Amino acid sequence: FSVIREDTGTLIRGHGNDIITDFDVTEDVLHVLINNGTSYDPLADVTQTTEGTLLTYADGASVLLLGVDSADLTAANFFVEDMLFASGLF
């Protein structure tokens, strides 16, 4: 599990437990890379915390969207791609 933040053409790659402090639900997209060969719905793994929205994957990796209400996220805020089929990202 890895997350790439697509923000005005800049790619910020992360994995492990990351925090994004300026995610804008009207503009930003999280590019979620998975490596299990199956489909994945990130909205099913979001939890609202007192700090914001926490996306946690099965392997324990996570990203916290600081100050973001999970109810404001839609499928449009995520692009999920399997690393088995991704080209040129790594």
Side-chain angles (χ1 to χ4, degrees):
F1 176 75
S2 181
V3 173
I4 300 172
R5 180 172 176 207
E6 299 176 6
D7 182 359
T8 62
T10 302
L11 296 181
I12 301 171
R13 294 184 181 170
H15 59 281
N17 303 102
D18 298 309
I19 298 173
I20 297 177
T21 60
D22 60 347
F23 189 85
D24 184 339
V25 295
T26 64
E27 297 179 4
D28 291 331
V29 174
L30 287 180
H31 186 156
V32 180
L33 294 174
I34 59 172
N35 60 2
N36 60 6
T38 63
S39 62
Y40 174 64
D41 178 9
L43 288 174
D45 285 336
V46 297
T47 304
Q48 184 66 48
T49 71
T50 57
E51 296 176 306
T53 297
L54 182 65
L55 171 62
T56 305
Y57 192 61
D59 68 359
S62 68
V63 60
L64 174 65
L65 305 177
L66 195 64
V68 173
D69 188 327
S70 61
D72 294 334
L73 293 171
T74 69
N77 292 117
F78 300 95
F79 175 70
V80 178
E81 186 172 21
D82 194 316
M83 288 175 36
L84 295 174
F85 306 108
S87 59
L89 290 175
F90 295 97

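Computed from a predicted model, the values in this text were never measured in an experiment.
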| field | Ser62 versus Asn17, closest heavy-atom pair with distance | value | OG-ND2, 2.7 Å

| request: List the steps and the verdict of side chain to side chain contact (heavy atoms under 4.5 Å, CB included) for Thr53 and Phe23. | output: CA-CA 10 Å; Thr53 297; Phe23 189 85; over 6 Å; no

| field | Any side-chain donor near an acceptor of the partner, Thr56 and Asp45, under 3.5 Å | value | no

Would you tabulate the side-chain donor-acceptor contacts of residues 66-77 under 3.5 Å, counting partners in other chains and residues two or more places apart, or write 'none'?
| residue | atom | partner | partner atom | Å |
| --- | --- | --- | --- | --- |
| Asp69 | OD1 | Ala71 | N | 2.9 |
| Ser70 | OG | Gln48 | OE1 | 3.1 |
| Thr74 | OG1 | Ala76 | N | 3.2 |
| Asn77 | OD1 | Thr74 | N | 3.0 |
| Asn77 | ND2 | Val25 | O | 2.9 |
| Asn77 | ND2 | Asp28 | O | 3.1 |

| said: So, taking the atom named OG1 in Thr50 and the one named CG in Leu54, what distance separates them when rounded to the nearest 0.5 Å? | reply: 10.5 Å

| said: Exactly one of Val80, Leu30, Val63 should register a side-chain contact (heavy atoms from CB on, under 4.5 Å) with Pro42. Which one does? | reply: Val80

